[in-house]
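Some notes on the structure that comes next.
Order of the sequence lines sets the chain letters (A, B, ...), proteins ahead of strands, with each chain counted from 1. The structure displayed is predicted, hence computed values, not measured ones.
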Amino acid sequence: MLDRKLLRKEPQTVADAATAKNEKIDIQQWLDADRSKRELMLEIEALRKQRNTLSKTVSIKKRNGEDAEEEMQKSRNTGAELADLEQRVSEFNSRLSEMELSFPNIPDSDVPEGTEDNNVIVRSWGTIPEFSFQPKPHWDLMSKVFLPEAAGKIAGSNFILFRGWAARLQRTLISWMLDYHTQAGMDEVWAPFVARPESMTATAQLPKMDDDMYRIGHDNLYLVPTGEVPITNLYRDRLLEETDLPVRLCGYTPCFRREAGSYGKDNRGLNRVHQFEKVEMVRLEHPDRSEEAHLELLNHAAGMLEVLDIPYRILLLATGDLSFAAAKCYDIEIWSAGQEKWLEVSSVSNFRDFQARRGNMKYKPAGGGKPRLVHTLNGSGLALPRLIISLVENGQQPDGTIRLPKIIAERMGTDVIKP
RNA sequence: GGAGAGGUGGCCGAGCUGGUUUAAGGCGUACGCCUGCUAAGCGUAUGUAGGGGUAACUCUACCGAGGGUUCGAAUCCCUCCUUCUCCGCCA
């Protein structure tokens, strides 16, 4: 959510930002409603003051045993008048907040304009592996352990089922990643995998992404589409001390996405599935330091790929590719040797105070003064299926075996997988 | 699922037989006094949001959320959310 003062002062900025993000908003409608509401509030406050005074007089007169029928009658009348005005204000309020919830965050000034074609490659690392043979895609390499038909029988198409070494590899990776983060000072969180609408609204999956999430109608809950939701919401409606910042968290969750309307596009194998596993990093930061924190998160995530020796590149997303809530976002893409393309494996975003305002997450400045909104950030660290794709495809050898990175080999108890 | 008890300002906590409480008191915090230093002590201030004023200031709302009763609701009634205790069921 954006600051109302900004909406009033710089409506054009807000409108332009929405256009850049391909969101249709009607800022003029908001401005009109806001003005009407404030005018009504002036009337209401005057009437309330009148009623408060009358009530006090009634109270005093009654205590003294005097008759207060006149004041009571007057108060009854103002009460009726108030009820009418209050009804109108509450209509304005719900319209206003409905509109505000659908206004996207404003991109930072250094975010390139345009569509995904305008994304900027910030840097690359590693060399794309060369093969003396035609490298296979992961669905061939994993045909015995990755069983989409079985998953389909259980849950439906585009769910995945791992058996044997694939299941074990995934578990090993999750465990290693969490260790990697906690060793860097993050606090590990194991949170619910479902969330109520309020939580989804705070992190801004709602209202926009309603159709992309699985809803448990029976209990009015959603399956989390990312760990960002439960981990960030841990701090919803909290007032922190400035010295509590930064708050650095990490946690594992499955991610459930309906991927409505994305059938037939890049969704063979593990590329795009309805449930995937992910380790997420979340950070609550002082507003003056979110910029550095953003880069720190990015480099931390990229560092994991260096340990795993997977070539990657980092993209600074253009305005049109930026998510609803983000002010600035870097994607990390890794190389898939079997498909010969880049796969997004991490998305590291700075939301500034956009989520904090929705979720009422504040800190008390050390020098005194009013509580201020924190900045929230998060980044995948990392998403599992595409990481597995890359490990398996890039590690394949002429004899059909798969060579594992040292750190994973140690944990798996073998440096080569024989599929 | 059944029964009961709670949800009050950053935290704790009174008020809950409706009207000098426009929320007592404490802790914490800030400033001042005192002190060789620290602690203690004393004094003052200290919720959030919105509106008005150059300004000290002032007005309105908010006591889990929403609705109702009433001239007037933290206080009474209803619905929902949530925490705790006991019972039942269950991994």
Side-chain angles (χ1 to χ4, degrees), chain A residues 1-9 30-101 190-202 206 215-222 230 233-245 247 284 286 353 356-374:
Chain A
M1 214 151 45
L2 299 167
D3 187 357
R4 286 187 172 178
K5 286 177 182 140
L6 180 76
L7 295 179
R8 287 177 196 136
K9 228 171 72 186
W30 185 89
L31 288 169
D32 293 343
D34 178 57
R35 191 176 323 103
S36 306
K37 187 208 106 176
R38 284 197 289 166
E39 282 165 11
L40 278 174
M41 284 308 293
L42 284 178
E43 288 183 56
I44 285 177
E45 288 186 2
L47 285 175
R48 279 178 180 158
K49 185 178 179 182
Q50 208 176 87
R51 191 183 58 179
N52 286 346
T53 313
L54 286 168
S55 285
K56 191 152 277 182
T57 312
V58 170
S59 160
I60 291 166
K61 282 202 167 181
K62 285 206 165 180
R63 197 169 325 111
N64 297 339
E66 298 171 36
D67 174 63
E69 192 47 50
E70 192 188 331
E71 283 81 3
M72 281 165 69
Q73 188 51 48
K74 275 190 190 167
S75 183
R76 248 190 294 268
N77 292 341
T78 43
E81 213 176 324
L82 265 174
D84 178 50
L85 293 177
E86 280 167 348
Q87 173 63 31
R88 287 169 60 194
V89 160
S90 87
E91 280 162 20
F92 274 118
N93 273 336
S94 42
R95 272 175 56 195
L96 284 167
S97 59
E98 193 184 325
M99 283 190 263
E100 283 162 32
L101 288 172
W190 194 293
F193 299 160
V194 296
R196 47 170 73 244
E198 299 93 293
S199 299
M200 291 296 178
T201 304
L206 285 179
R215 188 172 49 234
I216 307 169
H218 194 66
D219 294 295
N220 197 24
L221 290 167
Y222 292 87
N233 270 280
L234 175 57
Y235 280 86
R236 178 151 55 90
D237 289 319
R238 287 269 296 270
L239 179 63
L240 300 167
E241 296 297 329
E242 182 169 342
T243 49
D244 294 332
L245 299 174
V247 174
L284 274 58
H286 189 285
D353 61 15
R357 186 172 290 107
R358 288 174 168 242
N360 187 29
M361 296 180 258
K362 296 183 176 178
Y363 74 94
K364 218 173 186 169
K370 283 182 179 298
R372 297 181 65 193
L373 295 166
V374 301

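Across the protein-nucleic acid pair, Arg372(A) atom CZ and G47(B) atom C1' stand 19 Å apart, rounded to whole Å. The CG atom of Asn360(A) sits 13 Å away from the P atom of G9(B) (whole-angstrom rounding). Between Leu47(A) atom CG and C59(B) atom C1' there is a gap of 13 Å when expressed in whole angstrom units. Taking atom CD of residue Glu69(A) and atom C1' of nucleotide U70(B), one finds them 13 Å apart after rounding to whole Å. A straight line from CD of Glu242(A) to C1' of G28(B) spans 17 Å, rounded to a whole angstrom. In this structure, the CZ atom of Arg48(A) is 10 Å from the P atom of U60(B), given to the nearest Å. When rounded to the nearest whole Å, the span between CG of Leu82(A) and P of U70(B) equals 15 Å. Rounding to whole angstrom units, NZ of residue Lys364(A) and C1' of G28(B) are separated by 8 Å.
Figure legend. A73(B) is base-paired to no nucleotide; pairs are counted as Watson-Crick or G-U wobble with both atom distances under 3.5 Å. Pairing partner, A55(B): none, since no Watson-Crick or wobble contact has both distances short of 3.5 Å. The nucleotide A65(B) finds its pairing partner in U79(B), both defining distances of the Watson-Crick or G-U wobble pair being shorter than 3.5 Å. Summarising the base pairing, A3(B) is matched to U85(B) through a Watson-Crick or G-U wobble pair whose two defining distances lie under 3.5 Å. U44(B) and A30(B) make up a base pair, with Watson-Crick or G-U wobble contacts both under 3.5 Å. The partner of G36(B), taking Watson-Crick or G-U wobble pairs whose two distances both stay under 3.5 Å, does not exist in any strand shown. The pairing partner recorded for U22(B) is none, the criterion being a Watson-Crick or G-U wobble arrangement whose two distances lie under 3.5 angstrom.
Judged as a salt bridge (charged side-chain N to carboxylate O under 4.0 Å, His left out), and not counting sequence neighbours, the contacts of Arg196(A) are Glu198(A). Annotation: side chain to side chain donor-acceptor pair (under 3.5 Å) contacts of Glu43(A) (sequence neighbours excluded): none. Evaluation of the salt bridge (charged side-chain N to carboxylate O under 4.0 Å, His left out) rule for Arg236(A) yields no partner, not counting sequence neighbours. Residues satisfying the salt bridge (charged side-chain N to carboxylate O under 4.0 Å, His left out) test with Lys56(A), not counting sequence neighbours, are none. Not a single side chain to side chain donor-acceptor pair (under 3.5 Å) links Glu39(A) to another residue, sequence neighbours left out. Scored by the salt bridge (charged side-chain N to carboxylate O under 4.0 Å, His left out) test, Lys37(A) finds no partners at all (sequence neighbours excluded). Residues forming a side chain to side chain donor-acceptor pair (under 3.5 Å) with Thr57(A) (at least two apart in sequence, or on another chain): none. Tyr235(A) pairs by the ring-ring contact (aromatic ring centres under 6.0 Å, His included) definition with nothing, not counting sequence neighbours.
Under the 4.5 Å side-chain criterion, counting only non-hydrogen atoms from C-beta, Lys74(A) is in contact with Glu70(A). Residues Leu31(A) and Leu7(A) are not in side-chain contact: their nearest non-hydrogen atoms beyond the backbone lie 4.5 Å or more apart. Taking the side chain as every heavy atom from C-beta outward, Arg38(A) and Phe92(A) never approach each other to under 4.5 Å.
Side chain of Ser59(A) to main chain of Ser55(A): no donor-acceptor pair is present (N/O by atom type, distance under 3.5 Å, no hydrogens or angles). The backbone N or O of Glu66(A) sits nowhere less than 3.5 Å from a side-chain atom of Asn64(A) that would complete a donor-acceptor pair.
Only the P atoms considered, U69(B) is 15 Å distant from C78(B), to the nearest whole Å. Taking the C1' atom of each, A56(B) and A61(B) are spaced 24 Å apart, rounded to whole Å. Atom P of U20(B) sits at a distance of 15 Å from the matching atom of G72(B), rounded to the whole Å. Comparing G15(B) with G64(B), their P atoms are spaced 15 Å from each other, to the whole Å. Straight-line distance between the P atoms of C37(B) and U46(B): roughly 29 Å, to the nearest whole Å. Taking atom P in both G19(B) and U83(B), one finds a spacing of 32 Å when rounded to whole Å. Comparing the P positions of A73(B) and G68(B) gives a spacing of 12 Å, expressed to the nearest Å. One C1' atom belongs to C27(B), the other to U35(B), and the distance between them is 24 Å to the nearest Å.
Nearest-nucleotide mapping onto RNA chain B: of Glu71(A) and Glu198(A), the residue sitting toward the 5' end is Glu71(A).
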Once base and sugar-phosphate atoms are separated, protein heavy atoms under 4.0 Å mark nucleotides 64-69 of chain B, 5' to 3', with B, S and - as ------
Each nucleotide of nucleotides 48-57 of chain B classed B (base within 4.0 Å of a protein heavy atom), S (only sugar-phosphate) or -, in 5' to 3' order, makes SSBS------
Output a table of nitrogen or oxygen pairs between the protein and nucleotides 15-21 of chain B separated by less than 3.5 Å.
{"from": "G19(B)", "atom 1": "O2'", "to": "Ser59(A)", "atom 2": "OG", "distance (Å)": "2.4"}
{"from": "G19(B)", "atom 1": "N2", "to": "Ser55(A)", "atom 2": "O", "distance (Å)": "3.3"}

Which pairs, protein N/O on one side and nucleotides 6-8 of chain B N/O on the other, fall under 3.5 Å?
none

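Using a 4.0 Å heavy-atom cutoff across all strands shown, Asn52(A) reaches sugar-phosphate atoms only and no base atom.
Annotation for Tyr363(A) and Leu373(A): closest pair CE2-O, 3.8 Å, computed over non-hydrogen atoms. Considering every non-hydrogen atom in both Gln50(A) and Thr78(A), the closest pair reads OE1-CG2, 2.7 Å.
For Glu98(A), the CD atom counts as loosely surrounded, since its 6.0 Å shell holds 12 or fewer non-hydrogen atoms of other residues, nucleotides or ligands.
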